[in-house]
Amino acid sequence: MDLSRKIEILAESAKYDVSCSSSGVTNNTRNGTVGSTASAGICHTFTSDGRCVSLLKLLFTNACIFDCHYCINRKSNAIPRATFTPREIADLTMDFYMRNYIEGLFLSSAIIKNVDYTSELLIKTLRILRYEKGFKGYIHVKAIPGADEKLIEELGFLADRMSVNVELPSRESLKLLAPDKDPFALYKPMKQITHKKKELSQFPATQQNNSFVPAGQSTQMIIGASPENDRSIVTIAENLYQKYDLKRVYYSAYIPVNQDSLLPAITTDPPLLREHRLYQADWLMRFYRFSAAEILSEDKPNFNLYLDPKANWAVQNYDQFPVDIQSASYDQLLRIPGIGPKSALNIIKARKYYQLHLTDLKKLGVVVKRAQYFVSCNGVCQSGLINDPEWVISSLISSRQYETLKKANSQSHHEQLALFDVERFETIKNKESKYAY
Amino acid sequence: MHIEKTTEIWEYDGSFYGFLTIVYHAFTKKQFPEIILTPDIAVETLFLSRWIETDEPLAQKIYERLTKRLRKENTQFIIDGFYCSLREKERCLLDAIQIALESKDLLSNHLGHPSILALQKSLKALFGEVHLFTGFIRFEFAGKLLYSTISPKHFSLPYLCPHFARRYPQEMLMIYDDTHRLLGIIEEGQISFIENSDPPLSNKADSEQEIQANWRTFLQAVTIQERKNERTQLSHLPMRYRPHMFDFQ
Ligand code: SF4
């Protein structure tokens with residue numbers, strides 16, 4: 001099979017993998033003659049679906065011996081199969097890197113023969129790149145769960161980032177949809193990488209210590225192929241951040257590729273809006289000091305798809321507002337919709353010298369249109385602030401936004417468990433011109 | 001220091017040393033002209049102007065004096081500002097130098113001044129373009145040399161070269177900016193420039209075609225049809241970058 005056909009098949013099979021960030025490595029600890037790892041994400045092009053391409057993302061092979069239900073490459077699918085050689089991938093990476101098409105390589109693989117054999121092929125590829133070609137650029141590799149610890153460790157010294165995909169947010173779903181995978185084996189390499197990194201960090205920094213997975217590890221979950229609610233997904237993500245010190249958790253809206261009685265019908269649209277909300281919630285945990293339990297409660301375990309998670313939290317905790325701009329702590333400020341880490345800092349700096357008015361907030365970077373319902377300045381709240389969360393919600397979403405979201409929403413009404421009564425909301429929206437704001 | 005604003009019009013050759021010569025005259029006379037022209041703009045206007053001849057030794061002295069008296073960040077701001085594509089940047093820069101001399105503060109804290117604001121905005125555009133080019137530049141092998149052509153709006157090339165010098169520490173590279181007719185040469189990490197240059201002749205290897213085709217095959221294969229969104233693509237990757245990218249050929 002010629003190379004171009006292999007690229008077609010094996011890039012196609014890898015495309016649903018979302019984790020493509022190449023940032024995170026600032027210092028070069030690797031010896032080599034070509035390349036450097038840039039700290040800020042560099043996009044080398046954008047595909048016509050609007051996604052940034054920064055890495056050569058490939059599957060080593062798609063000839064899988066496993067039969068995961070959600071996967072296009074499952075054994076029982078009749079699709080064209082291909083396998084690269086380690087040298088082919090190494091050459092292709094160098095060819096593309098030299099011409100500035102890519103920032104590095106993202107290599108993943110289906111299971112060929114067995115997990116160890118597959119890992120060895122990945123190692124061979126990376127060795128050619130690092131030792132023979134002197135390649136210093138970024139490499140992200142998928143660890144193969146179940147592979148021998150020695151192999152995982154060697155991969156870790158060759159790559160910049162490793163990821164182990166948990167794939168599905170619960171053990172039950174895994175058992176059902178990925179019958180060949182051992183749910184316990186999934187977390188093992190993650191743990192091993194965390195331990196190894198910790199262990200190495202205790203010694204004085206040497207060349208070797210710094211080059212073990214220097215950009216950390218990440219993982220990915222498929223959303224919408226199994227029945228877990230948003231709360232359980234966010235909770236798992238929180239655990240992963242805390243326990244394994246993960247750099248990123250990626251969420252990938254399930255795009256039906258297989259006709260399967262255990263999975264959503266092939267005609268179902270991917271739950272993109274839900275994926276978007278999960279990323280926003282993830283952001284709240286990483287940069288806004290929210291805990292998973294705060295973002296979604298047990299009795300309302302799913303996102304309000306029409307409202308971002310922070311506004312959603314604020315509306316549900318309306319009793320904690322309005323927050324006084326002059327005296328609120330940094331953490332409190334961060335929780336006000338329309339205020340981000342930067343504007344919160346600006347407020348703290350500015351209020352030392354001035355008594356802040358609502359009109360000052362805009363200059364400090366606050367989105368006043370959102371924040372006005374949740375703040376008080378000099379003891380004064382936005383006039384007409386009504387203690388009616390639904391009214392606030394309808395003020396936070398413009399009619400146009402609402403229409404766009406409604407179109408983007410591919411989930412049914414009962415799935416989204418709306419925070420508000422959709423019918424009542426629609427009537428408010430239709431009458432909204434009555435309110436002056 | 002009181003500086004008188006006059007209605008004079010000055011003209012110079014547009015070089016950095018030329019500009020420093022202007023700085024010398026403006027500050028010794030304590031007079032800022034109302035308009036400063038370069039030959040490109042001068043032909044469009046009918047005003048009579050006074051020609052300021054570039055004096056290199058004098059310019060060098062001014063440069064040393066500025067670096068001594070100004071904060072490092074402010075000197076950098078002024079140098080970067082000179083390379084912006086802002087109309088009448090010279091007038092803004094004179095203001096910037098005056099502010100920098102009088103206060104020890106960072107110039108970027110003086111956004112209230114219209115000249116500083118204009119410069120800052122223009123710098124943002126320049127650096128934004130530089131950042132995009134670090135990803136969007138495409139090289140081809142011509143013999144052993146990596147060659148690329150770009151058509152930047154701003155004076156980006158000098159800011160781009162250090163990035164590629166780090167990226168390819170052992171290669172020989174040439175980047176040609178056809179907007180400003182500037183050729184950047186990077187040889188094993190060393191950067192040099194040739195001004196007013198014609199595009200160098202490049203005879204690219206046949207194997208390049210194949211590699212470019214492989215790249216397009218890859219891009220085709222990773223596109224998710226279900227998520228097609230050309231408007232997003234356009235906003236991230238504006239048309240003006242595309243003519244030199246093999247991705248779209
Ligand atoms: S192991 Fe499962 S998910 Fe991975 S390629 Fe094979 S079938 Fe697909």
Side-chain angles (χ1 to χ4, degrees), chain A residues 2-18 20 22 28 32-38 40-59 91-92 94-103 106 134 136-137 253 255-257 269-270 272, chain B residues 111 130-141 146-148 150 160 162-171 173 175 188-189 204 207-208 210-238 241-242 245-248:
Chain A
D2 75 343
L3 186 65
S4 133
R5 178 78 182 124
K6 283 190 189 178
I7 297 173
E8 221 174 298
I9 295 173
L10 293 165
E12 157 95 35
S13 314
K15 73 180 173 189
Y16 295 110
D17 238 309
V18 281
C20 78
S22 62
N28 262 314
T33 51
V34 183
S36 58
T37 40
I42 294 177
C43 293
H44 285 265
T45 193
F46 287 84
T47 56
S48 46
D49 55 29
R51 286 179 312 151
C52 149
V53 177
S54 67
L55 303 173
L56 173 62
K57 193 182 284 184
L58 294 170
L59 231 53
D91 285 341
L92 201 58
M94 289 311 284
D95 281 347
F96 283 5
Y97 190 87
M98 290 312 282
R99 287 157 188 81
N100 202 40
Y101 300 166
I102 51 166
E103 216 39 45
F106 183 121
K136 270 209 285 189
I255 301 171
V257 285
D269 282 325
L272 295 180
Chain B
L111 295 181
V130 170
H131 177 74
L132 289 182
F133 267 123
T134 54
F136 296 161
I137 278 196
R138 297 288 178 263
F139 289 102
E140 286 180 295
F141 268 110
L146 283 167
Y147 179 71
S148 170
I150 54 173
L160 268 172
H163 170 82
F164 289 103
R166 266 194 311 277
R167 185 175 163 108
Y168 305 114
Q170 299 192 337
E171 309 297 320
L173 288 87
I175 306 173
E188 294 189 14
K204 69 171 174 186
S207 55
E208 293 306 294
E210 201 180 305
I211 288 162
Q212 287 164 18
N214 280 342
W215 175 235
R216 284 188 290 269
T217 306
F218 172 74
L219 291 179
Q220 270 301 321
V222 293
T223 301
I224 297 179
Q225 292 303 331
E226 293 90 330
R227 292 188 173 196
K228 220 168 173 74
N229 189 347
E230 277 169 11
R231 268 186 51 204
T232 319
Q233 183 191 28
L234 193 63
S235 69
H236 289 305
L237 176 41
Y241 293 94
R242 299 189 189 187
M245 296 175 75
F246 313 123
D247 317 25
F248 299 96

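Order of the sequence lines fixes the chain letters, A, B, ..., with proteins taken first and strands second; residue numbering starts at 1 for each chain.
- Nearest heavy-atom pair across His44(A) and Phe136(B) is O-CD2, 3.4 Å.
- A parallel orientation is assigned to the rings of Tyr101(A) and Trp215(B), their planes being inclined by less than 30° (bins at 30° and 60°).
- Only the side chain of Leu92(A) comes within less than 4.5 Å of a heavy atom of chain B; its backbone N, CA, C and O stay farther away.
- Applying the side-chain contact (heavy atoms from CB on, under 4.5 Å) criterion to Glu188(B), with sequence neighbours excluded, gives no partner residue.
- Here the closest non-hydrogen pair linking Leu219(B) and Thr47(A) is O-CG2, 4.3 Å.
- When each of Cys43(A), Gly50(A), Ser48(A), Ser4(A) is scored by its heavy-atom pairs under 4.5 Å with chain B, the top score falls to Ser48(A).
- Residue contact with chain B, scored on non-hydrogen atoms closer than 4.5 Å, is absent for Ile9(A).
- Between Gly135(B) and Ile42(A), the shortest heavy-atom distance links the atoms CA-CG2, 3.5 Å.
- Between Arg138(B) and Thr45(A), the shortest heavy-atom distance links the atoms NH2-CB, 3.7 Å.
- The part of Asp247(B) that comes within reach of chain A is its side chain, from C-beta onward, which places non-hydrogen atoms under 4.5 angstrom from that chain.
- Nearest approach of Arg167(B) to Ile102(A), heavy atoms of both residues: NH2-O, 2.7 Å.
- At a 4.5 Å heavy-atom cutoff, the contact between Ile255(A) and chain B is made by side-chain atoms alone.
- The shortest side-chain heavy-atom distance between Phe141(B) and Met98(A) falls under the 4.5 Å cut-off.
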